[in-house]
Amino acid sequence: MRIARLVNAWFALEGRDLPWRRPGFTAWGTLVSEIMLQQTPVARVVPRLEAWLERWPTPAALASEPPGEAVRAWDRLGYPRRALALHAAATQIAERHGNVVPEDVDALLALPGIGDYTARAVAVFAYGHRHPVVDTNVRRVIARALLGRGEAGPPSTRRDLAAMEALLPADPAEARVTNAAVMELGAIVCTARAPRCDVCPLAELCAWRAAGYPAYDGPKAAVQKKFEGSDRQVRGLIMAELRAADVPVTAAEIETVWPDAAQRARAVDGLLRDGLAVQVDGGYTLP
DNA sequence: TAGACGTGGAC
DNA sequence: TGTCCAAGTCT
């Protein structure tokens, strides 16, 4: 297929040199990187990933420590429930999969914190299986180049996977590169805000470009709510306290992080419910 | 299925 | 300064 040939050639020349693309990078490393990359930019992930893998080179190594250590090492990557899920996944891999990251999509999907994207990313990038891998970058490239729309609109797993599947070469090794290449194209050329069509390998065949870049008029993705003053911000502030402390954080100390008592209570309750904090004698700690 | 869920860089 | 958005998952 023409598109695969074009993006694969472009990727060989322009793809970034990233840790998870190094030869010999482990399946465990791929799994950790993919979870860190969920909704988090590459530049923030790289240093955390390298420190993480140095400390915990295998699932069993991570599983041997308390989940709170994973949350602490997660630092400020955001969405710390991912750290908790990764610890739980490592525990299951160590106990039920012989300390080997599973390679089947279904087995990967059964692990906590691993959904449609991550399961396929691990099966494809770590093990070379032939599946479509669809993330937000892929959806945008397909929307523009093939459908002539400026934005991808709301996701539909079945439709999105079918669209990417149609682009993949038959050979698994080539299909693997195509998955990485389309993702990379969306990440550094066909970007959401300011696409660099002048250097795009698909410019000549891009339906959006051919149509004169029509404004997107389809269903809008949900608008992200304001972070300042949100419960999410309060949770983040409390988690920062818990990460920094090596003794229980007292209720009085938590009161100092946010003035609104009701909002504070909601945040603490949520963190306890999520297992990101535990109540102990004298206050709260990481699990 | 829409909304919750962190954090910080870019414009 | 404020808005947008970043390799999603879970409920």
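Letters A, B, ... mirror the listed sequences (proteins, then strands); counts begin at 1. These numbers come from a predicted model, not from an experiment.
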Using whole Å, report how far [atom1] of [X] lies from [atom2] of [N].
X        : N     : atom1 : atom2 : answer
A:Asn137 : C:dG8 : CG    : P     : 7 Å
A:Arg48  : B:dG6 : CZ    : P     : 18 Å
A:Glu228 : B:dT7 : CD    : P     : 12 Å
A:Trp74  : C:dT9 : CH2   : P     : 12 Å
A:Ile188 : B:dG9 : CD1   : P     : 20 Å
A:Met239 : B:dC5 : CE    : P     : 13 Å
A:Asp269 : B:dA4 : CG    : P     : 17 Å
A:Leu237 : B:dG8 : CG    : C1'   : 14 Å

**Request:** Please round to the nearest 0.5 Å and tell me the distance separating atom CG of A:Asp274 and atom CG of A:Asp269.
**Result:**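 A:Asp274 atom CG to A:Asp269 atom CG measures 10.5 Å (nearest 0.5 Å).
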So if I take every side-chain heavy atom of [X] and compare against [options], which nucleotide ends up nearest?
X        : options             : value
A:Leu37  : C:dA7, C:dC5, B:dC5 : C:dA7
A:Thr118 : C:dC5, C:dT9, B:dC5 : C:dT9
A:Asp231 : B:dG8, C:dT9, B:dC5 : B:dC5
A:Val42  : C:dT9, B:dG6, C:dA7 : C:dA7
A:Lys225 : C:dA7, B:dG6, B:dA4 : B:dA4
A:Tyr79  : C:dG8, C:dA7, B:dT7 : C:dG8
A:Asp135 : C:dA7, C:dC4, B:dT7 : C:dA7
A:Phe227 : C:dA7, B:dT7, C:dT9 : B:dT7

So, is [X] close to the [N] phosphate, meaning a side-chain N or O under 4.0 Å from OP1 or OP2?
X        : N      : answer
A:Arg140 : C:dA6  : yes
A:Arg193 : B:dA10 : no
A:Arg235 : B:dG6  : yes
A:Gln38  : C:dG8  : no
A:Arg273 : C:dC10 : no

Residues [X], [Y]: salt bridge by 4.0 Å N-O rule:
X        : Y        : answer
A:Arg21  : A:Glu184 : yes
A:Arg130 : A:Glu165 : yes
A:Asp116 : A:Arg120 : yes

**Asked** If you pin A:Leu109 and A:Glu151 to their nearest nucleotides in DNA chain C, which one's is more 5'?
**Response**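 The residue mapped nearer the 5' terminus is A:Glu151.
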**Item:** Earlier contact from the 5' end, DNA chain C, for A:Pro112 and A:Thr40
**Value:**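 By nearest-heavy-atom nucleotide position, the 5'-most residue is A:Thr40.
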**Prompt:** Considering only the P atoms, how many Å lie between B:dC11 and C:dA7, rounded to the nearest integer?
**Reply:**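 B:dC11 and C:dA7 have their P atoms separated by 15 Å.
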**Asked** Do A:Thr136 side-chain and C:dG8 base share a donor-acceptor contact under 3.5 Å?
**Response**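 It does not, because no donor-acceptor pair links the side chain of A:Thr136 to the base of C:dG8 below 3.5 Å.
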**Prompt:** Does the B:dT7 base have a donor-acceptor partner in the side chain of A:Arg44 within less than 3.5 Å?
**Reply:**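 For A:Arg44, whose side chain was compared with the base of B:dT7, there is a donor-acceptor pair (under 3.5 Å).
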Looking across every strand, which nucleic acid part, if any, lies under 4.0 Å from [X] by heavy atom: base, sugar-phosphate, or nothing?
X        : answer
A:Ala192 : sugar-phosphate
A:Pro154 : nothing
A:Ile35  : nothing
A:Gln233 : nothing
A:Gly115 : sugar-phosphate
A:Asp274 : nothing
A:Arg232 : base
A:Pro155 : nothing

**Request:** Answer yes if the side chains of A:Arg176 and A:Asn179 hold a donor-acceptor pair under 3.5 Å, and no otherwise.
**Result:**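 Result is no, nothing qualifies.
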**Item:** Donor on one side chain, acceptor on other, A:Glu241 and A:Tyr284, under 3.5 Å
**Value:**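 Judged by distance alone, the side chains do not pair up.
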**Request:** Can you see which heavy atom on A:Ala70 is nearest to which on A:His87, and at what distance?
**Result:**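 Closest heavy-atom pair between A:Ala70 and A:His87: CB-CB, 4.1 Å.
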**Prompt:** Taking A:Gln233 for the side chain and A:Gly229 for the main chain, is one N or O donor matched with an acceptor at less than 3.5 Å?
**Reply:**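 Such a contact is found between A:Gln233 side chain and A:Gly229 backbone.
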